[in-house]
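Indexing begins at 1, ligand by ligand and atom by atom, following the structure's order. Every heavy atom of this structure was used, including side-chain atoms; hydrogens, water molecules and symmetry mates were not.
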Amino acid sequence: MRVDVVSIFPEYFAPLDLSLIGRARASGTLQLAVHDLRTWTHDVHRTVDDTPYGGGPGMVMRPEPWGEALEALAPPGGNPPRLLVPTPAGAPFTQALAHELAAEPHLLFACGRYEGIDQRVLEHAASRMPVTEVSLGDYVLFGGEVAVLVILEAVTRLLPGVLGNVGSLDDESHAHGLLEAPMYTKPAVWRGQEVPTVLRSGDHGKIARWRRDEALARTVARRPDMIAALPPECLDPRDRAA
Ligand SMILES: Nc1ccccc1-c1cnco1
């Protein structure tokens, strides 16, 4: 997978050389390039923003540098990338979308700052490539860089060969529409608290049942919205009776 990121703070992405993402880049699974938006400015002050039409606080990112950047990184006529624009006004970023993005050959991230990017940039881009405005949640950040780090981690870990133990993808939170069950490791007793006996029973059927019950209970308690979204067949008949 090829990933291009455009930002006025390219140094934000230094952490991407670490750990699993660093290994994915070294192995060639992920080809990542980070670009400074100011590369596509031509004035002495390398200006990227201006005051908003219609008034109001803050500044808006100018369309010209973005237009040139997107043309340079997604040249007309080539196979277009999917443009991802983190914004508080975007669609929720979910594990399902992470899986969708992990199947894309080329992602192009536009990191907005200030009050956002001139809307015409996204409208013009949409005439040439798929554009997805995406939100991490209902809160406000200074810019899209942190959101891109989150999205890139969620997507990269789904790429073949990045996670050593592929099985770990199977039961993690949101893998089957539920939160994951509590996890334990040695010692069996710690500060007087004992690991649930079933987990040390060796009975894999009982263990699987216990973990599923715990996952369901946690999800009901913490994320009832996820329960409502579960397809009926996901709820075991015994659970339906409950
Ligand atoms: N607040 C923001 C400001 C700029 C770019 C993205 C965001 C964002 C993304 N998800 C929540 O907020």
Identify, by atom number and element, the atoms of ligand 1 in contact range of [X], meaning under 4.0 Å from any of its heavy atoms.
X: L136; result: 9 (C), 10 (N), 11 (C)
X: V140; result: 1 (N)
X: Y139; result: 1 (N), 11 (C), 12 (O)

Between E104 and R2, is there a salt bridge with N-O shorter than 4.0 Å? no
Using a strict threshold of under 4.0 Å (side-chain N to carboxylate O), is an ion pair present between D17 and R25? yes
For R46, all residues meeting salt bridge (Lys or Arg N to Asp or Glu O under 4.0 Å), sequence neighbours excluded: none
State whether a side-chain donor-acceptor pair under 3.5 Å links T47 with R62. no
Any donor-acceptor N or O pair under 3.5 Å, side chains H42, E68: yes
So for T87 against ligand 1, with non-hydrogen atoms under 4.0 Å, the contacting part is backbone
Can you tell me the protein heavy atom closest to atom 2 (C) of ligand 1 and the distance? P88 CD, 3.4 Å
Of all the non-hydrogen atoms in the protein, which one sits nearest to atom 3 (C) of ligand 1, and at what distance? L141 O, 3.5 Å
